[in-house]
J.: 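Dropping the structure in here first, questions after.
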Amino acid sequence: MKQEVVVRFPPSPTGYLHIGGARTAIFNWLFAQKTGGKLILRIEDTDAERSSEEMIQGIIDSLKWLGVTWDEGPYFQSRFSNEHVAAAKRLLDSGHAYKCFCTKEDLDQKREEARKRKAALQYDGTCRNLTPDEIAKKEAAGTPYLIRLKVPPGEGSVMFADIVYGIIEKKYEDIEDFVIVRSNGQPLYILSNAVDDIRDRITHVIRGQDGLANTPKQILIYKALGAPIPKFAHMPLTLDPKKAKISKRTHGEMVAVHFYREHGFLPWALLNYLVLLGWSTPDSREIFSKEELIEAFSLEGINRANAVFDVRKDDPKFFTDPKAISINTHYLRNLPVEDIEPYVRAELEKAGIWDPEFEGTRHDWFLRTIDLIRSRYHITTDFATLGRAYFSDDYPIEPKALKKNILKHEGLKEWFPVLADRLQAIDTFTVEEAEKVIRETADEFGIKAGILINGIRAAVTGQAVGPGLFDVLIAVGRTRVVERLGKGVSFFE
RNA sequence: GGUCCCAUCGUCUAGCGGUCUAGGAUACUGGCCUCUCACGCCAGAGACACGGGUUCGAUUCCCGUUGGGACUACCA
């Protein structure tokens, strides 16, 4: 019988969830979904100094927003510190680890010397072979100690087959006797993480490539503890355009999941973009529904080369990776209107122009209007900014539109009121009738229809661009159109 | 410094010895459409880091160089 897959996402709550972490969570989630396995959320909060309740909540909110679901947890690493300590004691008792009484100063000094000699800066094993007598003496003297894992001596090596990177081999002699417990008795991440994974019966460790170099050490811990070794799949890192690892510290909000939430991204669009960073299908397909993505996903499709998250700081045209925006745009335009309705509503509420009628008596109108204007928007916030005139009477007139489409044609001062009257007089206010009236008016005054059309668009929507004008008029509604045109004269004052 | 990983258009990528005059996406340019702007459609420009091998034949395999990245804490 095949063993059930269990994977985990173990964020450290020292900050918000960023792009890189989200991507790791997504890959784990997809693998669990694909294999019918479980995803465990484990908060690695053992660094109490830097962890906070607020960050934990933020990470959970971001995961939920993305639609990444987990089957167990959140567990908190700090609750299991007794297990980590117990594991260290077992290692000590079985001779797989030893106490090291070297002082930090000694170690620093030795490291410094090694650096000067240009040699590897490994621990020299001073305390590795202390006799029981010597140990007892130092303990009796109250000398503080930390615990190091005893790396097997000799020619051997640690070897494992990473699902993404292939066979990785590391010689014992290239691994130092690394610290697993601090002198204050606190276990270190490398130990805690392995112990937690063993307890949680993790079958596949899917994480960033930055964990690759530490994997041999962790395998040594698994072996020393007599635990089965999980499969490893390391994924390429996300780099910034300068090829530096993405981090909260250097990139700030730009790389936070919540930044994209606040800037008009649809969660699935962000997820879809993120999964494309380091993963692909043989046919280079890029747009997937949730079901399609789970179906298509496989660890074998993960790329080895790091990917650049093309964030563009201070780019007037793109506030983030153009590809991410284009995927968001795609969903904004192609999803059923009902699917994006809630996001539009949220934006209108945020802008203070939400009207309950939009989901009441004017619900059909609301959906049709969203559908009418969405093809030129990229982010959901556009509905409240660029699309404001459709939902509120309080909208700004873009200076460029005012100048180019209204002030340039002084005749509009007279034409606007005429148009207002004539549109008001139409029997049934339809696209066809409105168009007829406007074109006839243009003929009558001997001007190109475009002048009236563009002028009306600027007056009615505040913008120089937008959907076909006659559709706009119907969407905005006769009453408002007439009212707005009636005020048109004031532009010239 | 040591150990390890990586290397195809600006960016994300396909390619797993001949199908490559290297495919897709995005961004960019031009055109069509048109009341504007988008959408859509059509077209264009744009890459196998370099040098050695192996082979009848290398983008694909091996080695080296260069470049980039990660790890190397009593952080996680």
Side-chain angles (χ1 to χ4, degrees), chain A residues 10-14 44-47 49-51 77 100 104 107-108 111 114-122 144-148 162 165-166 168-171 174-176 178-186 188-190 192-193 208-217 234 236-237 239 241-245 273 276-287 303-310 312 317-318 321-327 329 333 373-378 401 404-405 435 438-439 442 448-458 463-470:
Chain A
S12 169
T14 52
E44 306 218 319
D45 60 344
T46 42
D47 185 352
E49 288 289 304
R50 299 194 297 150
S51 299
Q77 186 168 63
C100 171
K104 183 149 175 49
L107 294 175
D108 286 346
R111 231 192 307 269
R115 198 186 300 277
K116 277 181 196 152
R117 287 203 322 275
K118 301 200 169 189
L121 4 160
Q122 286 194 12
Y145 64 86
L146 41 79
I147 301 177
R148 290 178 184 275
D162 188 272
Y165 288 93
I168 305 287
E169 185 174 9
K170 183 124 173 163
K171 297 197 199 82
D174 288 329
I175 309 173
E176 69 172 340
F178 56 95
V179 179
I180 54 175
V181 178
R182 296 186 185 87
S183 52
N184 66 3
Q186 288 291 313
L188 245 37
Y189 159 78
I190 193 138
S192 308
N193 185 262
Q209 196 230 65
D210 45 356
L212 193 60
N214 277 325
T215 307
K217 291 182 184 172
H234 286 88
L237 267 18
L239 272 22
K242 287 188 207 122
K243 297 283 171 79
K245 193 170 142 184
Y273 163 75
L276 256 21
L277 245 35
W279 174 83
S280 62
T281 56
D283 61 354
S284 295
R285 186 170 172 197
E286 311 209 290
I287 300 293
N303 196 233
R304 277 181 281 273
N306 291 339
V308 171
F309 176 46
D310 204 10
R312 310 194 165 187
K317 196 160 176 196
F318 302 102
D321 191 328
K323 184 135 193 172
I325 295 179
S326 85
I327 290 178
T329 303
R333 288 176 188 154
I373 60 184
R374 65 173 170 166
S375 83
R376 64 219 78 214
Y377 294 167
H378 297 102
K404 194 176 89 180
N405 293 342
E435 174 160 12
I438 291 169
R439 288 196 187 279
K448 285 199 290 186
I451 294 176
L452 291 188
I453 289 171
N454 290 324
I456 296 170
R457 177 182 290 108
Q463 299 193 315
V465 303
L469 179 78
F470 311 112

J.: Start at the 5' end of RNA chain B and walk down; is the nucleotide closest to A:Q122 or to A:W279 reached first?
T.: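 The residue closer to the strand's 5' end, by nearest nucleotide, is A:Q122.
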J.: Which base sits across from B:rG18 as a Watson-Crick or G-U pair, both distances under 3.5 Å?
T.: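 Answer to the pairing question: B:rC56, which forms a Watson-Crick or G-U pair with B:rG18.
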J.: Taking atom C1' of B:rU26 as reference, at what distance in whole Å does atom CZ of A:R285 sit?
T.: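 Those two atoms, CZ and C1', are 17 Å apart.
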J.: Calculate, to the nearest 0.5 Å, the distance between atoms CZ and OG1 belonging to A:R376 and A:T329 respectively.
T.: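 Here the rounded value is 13.0 Å.
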J.: According to a strict under-4.0 Å criterion, is A:S284 in side-chain N/O contact with OP1 or OP2 of B:rU13?
T.: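 No, no such contact exists.
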J.: Under the criterion side chain to side chain contact (heavy atoms under 4.5 Å, CB included), I'd like the reasoning laid out for A:T215 against A:H234: C-alpha separation, chi angles, the key distance, then a yes or no.
T.: CA-CA 10 Å; A:T215 307; A:H234 286 88; 3.1 Å; yes
J.: Run the side chain to side chain donor-acceptor pair (under 3.5 Å) check on A:Q77 and A:Y189 step by step: do they pass?
T.: CA-CA 10 Å; A:Q77 186 168 63; A:Y189 159 78; over 6 Å; no
J.: If I take atom CZ from residue A:R304 and atom CG from residue A:D162, how far apart are they, to the nearest 0.5 angstrom?
T.: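 One gets 9.5 Å once the value is rounded to the nearest 0.5 Å.
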J.: Paired with B:rG1: which nucleotide, if any, by Watson-Crick or G-U wobble criteria at under 3.5 Å for both distances?
T.: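 The answer is B:rU72, by the H-bond criterion.
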J.: Determine the contact category for A:S183: base if any of its heavy atoms lies under 4.0 Å from a base atom, sugar-phosphate if only primed atoms, P, OP1 or OP2 are that close, otherwise nothing.
T.: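 A:S183: base contact, heavy atoms under 4.0 Å.
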J.: Take atom CZ in A:R333; do more than 12 heavy atoms of anything else shown fall under 6.0 Å from it?
T.: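 Atom CZ in A:R333 is crowded, with more than 12 foreign heavy atoms closer than 6.0 Å.
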J.: Expressed in whole Å, how much space separates the C1' atoms belonging to B:rC9 and B:rG23?
T.: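 The answer is 12 Å between these two C1' atoms.
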J.: Take A:D310 and A:K323 through the test side chain to side chain contact (heavy atoms under 4.5 Å, CB included) and record every step on the way to the result.
T.: CA-CA 8 Å; A:D310 204 10; A:K323 184 135 193 172; over 6 Å; no
J.: Which part of the nucleic acid, if any, lies within contact of A:L277, taking any heavy atom under 4.0 Å across all strands shown: a base, the sugar-phosphate backbone alone, or nothing?
T.: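 The answer is sugar-phosphate, as A:L277 gets under 4.0 Å only of primed atoms, P, OP1 or OP2.
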J.: How far, in whole Å, is B:rC28 from B:rU21 if one measures between their C1' atoms?
T.: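 Per the computed distance, 23 Å lies between those C1' atoms.
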J.: Measure from the side chain of A:V308, starting at C-beta and using heavy atoms only, and say which of B:rC12, B:rC6, B:rU13 lies closest.
T.: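 For A:V308, the side-chain atoms sit closest to B:rC12.
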J.: Does any nucleotide pair with B:rU36 by Watson-Crick or G-U wobble geometry, both distances under 3.5 Å, and what is it?
T.: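 Result: none.
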J.: Rounded off to whole Å, could you give me the CG-to-C1' distance for the A:D321 and B:rU13 pair?
T.: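 Answer to the nearest Å: 13 Å.
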J.: Say we look at B:rA7 and B:rU65: how far apart would their C1' atoms be, to the nearest angstrom?
T.: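 Here B:rA7 and B:rU65 have their C1' atoms 13 Å from each other.
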J.: Looking at every strand, decide which applies to A:E286 at a 4.0 Å heavy-atom threshold: base, sugar-phosphate, or nothing.
T.: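 Base contact.
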J.: Can you give one letter per nucleotide of nucleotides 59-73 of chain B, 5' to 3': B if a protein heavy atom sits under 4.0 Å from the base, S if only from the sugar-phosphate, - if neither?
T.: ---------SSSS-S
J.: Does the pair A:T46 and A:Q186 meet the rule for a side chain to side chain contact (heavy atoms under 4.5 Å, CB included), with working shown?
T.: CA-CA 9 Å; A:T46 42; A:Q186 288 291 313; 5.7 Å; no
J.: Over how many whole Å does the gap from A:D310 atom CG to B:rU11 atom C1' extend?
T.: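 Answer to the nearest Å: 5 Å.
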J.: What does the B/S/- profile of nucleotides 28-38 of chain B look like, 5' to 3', with a 4.0 Å heavy-atom cutoff to protein?
T.: S------BBBB
J.: What is the separation between atom CZ on A:R312 and atom P on B:rC12, rounded to the nearest whole Å?
T.: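 Checked: the CZ to P distance equals 11 Å.
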J.: Judged by atom type as modelled, is there a donor-acceptor pair below 3.5 Å linking the side chain of A:Y273 to the main-chain atoms of A:I325?
T.: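 Here the side-chain-to-backbone pair does not exist.
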J.: At what distance, to the nearest 0.5 angstrom, does CZ of A:R148 lie from CD1 of A:I180?
T.: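 Separation between the atoms: 10.5 Å.
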J.: Quick one: look up who B:rA43 pairs with, Watson-Crick or G-U, both distances under 3.5 Å, and put none if it's unpaired.
T.: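 Matched B:rA43 with B:rU29 under the 3.5 Å cut-off.
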J.: For B:rU66, what is the paired nucleotide under Watson-Crick or G-U wobble rules, both distances under 3.5 Å?
T.: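 In the structure as shown, B:rU66 has B:rA7 as its Watson-Crick or wobble partner.
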J.: Tell me the interatomic distance from A:Y189, atom OH, to B:rC75, atom P, rounded to whole angstroms.
T.: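 Interatomic distance, OH of A:Y189 to P of B:rC75: 14 Å.
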J.: Considering only the C1' atoms, how many Å lie between B:rG24 and B:rU8, rounded to the nearest integer?
T.: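 Those two atoms are separated by 13 Å.
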J.: Rounded to whole angstrom, note down the P distance from B:rG52 over to B:rU59.
T.: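 13 Å, rounded to whole Å.
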J.: Ignoring backbone atoms, establish whether A:N303 has a side-chain N or O less than 4.0 Å from OP1 or OP2 of B:rA14.
T.: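 Yes, within the criterion.
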J.: Whole angstroms only, please: what is the OH-P distance between A:Y273 and B:rU26?
T.: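 Atom-to-atom, A:Y273 to B:rU26, this comes out as 14 Å.
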J.: Using the C1' atom as the reference point in each nucleotide, state the distance between B:rC75 and B:rU66 in Å, no decimals.
T.: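 Nearest-Å result for B:rC75 against B:rU66 at atom C1': 34 Å.
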J.: Check this for me: does the side-chain of A:K323 come within 3.5 Å of the base of B:rC12 through a donor and an acceptor?
T.: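 Side chain to base: pair present.
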J.: Give me the one residue out of A:V179, A:L188, A:V181 that meets side-chain contact (heavy atoms from CB on, under 4.5 Å) with A:I147.
T.: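 With A:I147 as partner, A:V179, A:L188, A:V181 yield a single side-chain contact (heavy atoms from CB on, under 4.5 Å), made by A:V181.
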J.: Distance check needed: B:rU26 C1' versus A:L276 CG, whole Å only.
T.: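 In whole Å, B:rU26 C1' and A:L276 CG are 11 Å from each other.
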J.: Can you check the distance between B:rA22 and B:rG10, where both ends of the measurement are the P atom (answer in whole Å)?
T.: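 Looking at atom P only, B:rA22 and B:rG10 are 15 Å apart.
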J.: Sticking with atom C1', work out how far B:rG15 lies from B:rA73, rounded to a whole angstrom.
T.: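 Looking at atom C1' only, B:rG15 and B:rA73 are 42 Å apart.
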J.: Just call it for A:Q77: base, sugar-phosphate, or nothing, with non-hydrogen atoms closer than 4.0 Å on any strand.
T.: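 Sugar-phosphate contact only - A:Q77 comes under 4.0 Å of backbone atoms but never of a base.
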J.: Would you kindly give the CD1-to-C1' distance between A:I287 and B:rC12, to the nearest whole Å?
T.: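 That distance rounds to 12 Å.
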J.: Contact class for A:N193 vs. all strands (heavy atom < 4.0 Å): base, sugar-phosphate, or nothing?
T.: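 A:N193: no heavy atom of the nucleic acid under 4.0 Å.
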J.: Between A:Q122 and A:D174, is there a donor-acceptor pair closer than 3.5 Å when you use the side chain of the first and the backbone of the second?
T.: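 Looks like yes, one N/O pair under 3.5 Å.
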J.: Which of the following nucleotides, B:rA76, B:rC74, B:rC6, is nearest to the side chain of A:Y165?
T.: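 Among B:rA76, B:rC74, B:rC6, the one nearest the side chain of A:Y165 is B:rC6.
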J.: Side-chain contact, heavy-atom cut-off 4.5 Å: A:R439 with A:F470?
T.: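 In contact.
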